[in-house]
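Notes follow once the structure below has been shown.
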Amino acid sequence: MRDLVWLIIVLLIIGWLIGFFAFPDIGSLIHILIVIAVILIIYKLLTGRSL
């Protein structure tokens, strides 16, 4: 299960980077993706589970 969370985080960050540089017109959607990825990372850190 923890590998799945890391996979989601990595995919969201990659999607954000691609969207940020390739499609600057849809910036709000791209920033939502990075916020979700950061929230997942913080959640994993606060729950004390190994990453």
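- Ile39 is linked by a side chain to side chain contact (heavy atoms under 4.5 Å, CB included) to Val35, counting only residues two or more places apart in sequence or in another chain.
- The side chain to side chain contact (heavy atoms under 4.5 Å, CB included) test applied to Leu11 returns Leu7, not counting sequence neighbours.
- Cluster membership check: Ile8 does not share its hydrophobic cluster with Ile18, using side-chain heavy-atom separations under 4.5 Å among Ile, Leu, Val, Met, Phe, Trp and Tyr.
- Tracing side-chain contacts under 4.5 Å through hydrophobic residues (I, L, V, M, F, W, Y), one reaches Trp6 starting from Ile36; they form part of the same cluster.
- Leu4 and Val10 fall into different hydrophobic clusters, where Ile, Leu, Val, Met, Phe, Trp and Tyr residues are linked whenever their side-chain heavy atoms come under 4.5 Å apart, directly or through other members.
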